[in-house]
Amino acid sequence: MGHLIETGTKLVLKKIRHVETMEEINYVSRFLYQKSADEAVIEMPVKAGTLALLEPDEIFQVCFYTSKGLYQCQSQVLSRHYEDSLPVAVIKLRSEFEKLQRRQYYRMECLLHMEFRAISEADYKQMILQKMTSGSVTAKKDGTEERADSGLTRFYTGVTLDISGGGVRFNSEHAAQNGDIIAMRIAFLSDDAQKLQLLFAKVLTVLPVQNRSGLFEHRAEFVSISNAERECIIRYIFLEERKRRKKEAGIE
């Protein structure tokens, strides 16, 4: 951390405050100094001109704006106190630093039913090859029940929070692992849904949802996605946004 984060580095603490309304709260702060190998002291953030008192044990995704780019990790508030009359918080960095790319695609908030499961590297390669050669994935035995409609079993259900041409954020009662490759189906409500029967993504972060025991937020980046599939998602977002703007303007 020391070679990346300097005193005064801007950082943003992010978390979902209300799952039902998909409200994300962001706190802007500054890095002060490294207390230990995995602990840092930051300024107590200010929100709308008011001091935001971070509570011990609160969990955030923290993004550091460094001279070498954007880096994020999971953090937990350990304590808060004053140093020379300055309110500060001590946070524990709970995951490895991950470099972020500037967002390439517009991200739209949406609640869509979905299902997913982690797949092995061998299955992933086999499914990609089959998808490339036949355009679909056929039924496959995996020790339990065969699902002729998708070829995958042991799906876990979830709900998307937002989606873009580059990835998806979703909640589920099942927690995947950071780095997992998952196969997923998302219930897009459009004529192009048949083109998006099976998508693959890499899980970037998994966080427990505050005040919702047993619920986990996932951020995942699409992998092995074709241009046609990405364009289908972007087109879906464009059409949905246009519908929303018309509705807000009172246009049928």
Side-chain angles (χ1 to χ4, degrees), residues 1-19 22-109 161-171 177-180 201-211 216-222:
M1 179 174 67
H3 66 288
L4 281 177
I5 316 299
E6 301 175 349
T7 298
T9 295
K10 175 187 172 182
L11 61 92
V12 177
L13 299 156
K14 301 180 178 183
K15 76 172 181 178
I16 298 296
R17 184 164 59 181
H18 298 301
V19 175
M22 300 180 295
E23 180 185 355
E24 183 176 86
I25 188 166
N26 297 325
Y27 293 131
V28 178
S29 179
R30 287 195 309 154
F31 174 83
L32 294 179
Y33 62 89
Q34 186 173 346
K35 185 175 182 180
S36 65
D38 61 353
E39 294 181 8
V41 178
I42 64 172
E43 285 186 359
M44 196 68 72
V46 174
K47 183 75 172 178
T50 303
L51 194 66
L53 297 177
L54 304 181
E55 297 293 338
D57 295 329
E58 277 191 290
I59 296 175
F60 293 90
Q61 195 72 13
V62 58
C63 180
F64 295 91
Y65 290 71
T66 77
S67 58
K68 297 182 180 180
L70 301 178
Y71 288 83
Q72 74 170 7
C73 69
Q74 186 186 100
S75 68
Q76 180 179 11
V77 179
L78 297 181
S79 62
R80 64 190 191 198
H81 60 278
Y82 284 88
E83 292 189 5
D84 297 328
S85 300
L86 178 68
V88 302
V90 180
I91 62 173
K92 181 179 180 66
L93 306 180
R94 298 176 42 173
S95 66
E96 296 295 326
F97 273 58
E98 171 196 0
K99 188 168 185 179
L100 297 176
Q101 300 297 323
R102 294 285 184 177
R103 183 166 295 170
Q104 294 177 296
Y105 304 100
Y106 173 74
R107 186 173 293 272
M108 180 184 72
E109 295 181 344
L161 299 176
D162 58 47
I163 191 167
S164 75
V168 62
R169 184 164 59 97
F170 65 93
N171 281 349
Q177 300 296 315
N178 290 349
D180 275 355
K202 180 178 180 180
V203 177
L204 302 179
T205 60
V206 181
L207 295 170
V209 176
Q210 290 291 310
N211 303 321
F216 302 89
E217 177 191 311
H218 300 69
R219 293 176 184 265
E221 178 183 23
F222 292 131

(request) Go through V203 and Q177 one step at a time and tell me if the side chain to side chain contact (heavy atoms under 4.5 Å, CB included) criterion holds. (result) CA-CA 7 Å; V203 177; Q177 300 296 315; over 6 Å; no
(request) Work out which heavy atom in P208 is nearest to a heavy atom in F216; give both atom names and the distance. (result) CA-CD2, 3.9 Å
(request) May I ask you to decide if P45's main-chain N or O and E43's side chain share a donor-acceptor pair within less than 3.5 Å? (result) no
(request) Any chance you could measure R219, atom CZ, to E98, atom CD, to the nearest 0.5 Å? (result) 10.0 Å
(request) Using the test side chain to side chain contact (heavy atoms under 4.5 Å, CB included), find all partners of P56 that sit at least two apart in sequence or belong to another chain. (result) none
(message) Between F60 and L11, does the side chain to side chain contact (heavy atoms under 4.5 Å, CB included) criterion hold? Intermediate values first, please.
(response) CA-CA 12 Å; F60 293 90; L11 61 92; over 6 Å; no
(request) Give, for atom CG of N178 and atom CD of E96, the distance between the pair rounded to the nearest 0.5 Å. (result) 10.5 Å
(message) I'd like to check the side chain to side chain contact (heavy atoms under 4.5 Å, CB included) partners of V28; sequence neighbours left out, ordered by chain and number.
(response) K10, V12
(request) Give the minimum heavy-atom separation between F222 and G165, together with the two atoms involved. (result) CD1-O, 3.8 Å
Please report, to 0.1 Å, the donor-acceptor pairs under 3.5 Å made by any side chain of residues 87-94, with sequence neighbours excluded.
| from | atom 1 | to | atom 2 | distance (Å) |
| --- | --- | --- | --- | --- |
| K92 | NZ | D38 | OD2 | 2.6 |
| R94 | NE | Q74 | OE1 | 3.0 |
| R94 | NH1 | Q76 | OE1 | 3.4 |
| R94 | NH2 | Q74 | OE1 | 3.3 |

(request) Could you grab the distance from atom CG of L207 to atom CD of E217, nearest 0.5 Å is fine? (result) 6.0 Å
(message) Applying side chain to side chain contact (heavy atoms under 4.5 Å, CB included), can you list everything that pairs with E55, at least two apart in sequence or on another chain?
(response) E58, R80
(request) Give the intermediate values and the outcome of side chain to side chain contact (heavy atoms under 4.5 Å, CB included) for residues V41 and E83. (result) CA-CA 10 Å; V41 178; E83 292 189 5; 4.2 Å; yes
(request) Please state whether the rings of F31 and F64 are parallel, tilted or perpendicular, taking 30° and 60° as the class boundaries. (result) perpendicular
(request) Look up atom CZ in R107 and atom CG in L161, then write down how far apart they are to the nearest 0.5 Å. (result) 10.0 Å
(request) Report the distance from atom CD of Q61 to atom NZ of K14, rounding to the nearest 0.5 Å. (result) 8.5 Å
(request) Calculate, to the nearest 0.5 Å, the distance between atoms OG1 and OH belonging to T9 and Y65 respectively. (result) 12.5 Å
(message) Applying side chain to side chain contact (heavy atoms under 4.5 Å, CB included) to I42 and L13, what does each step give before you reach the verdict?
(response) CA-CA 11 Å; I42 64 172; L13 299 156; 3.9 Å; yes
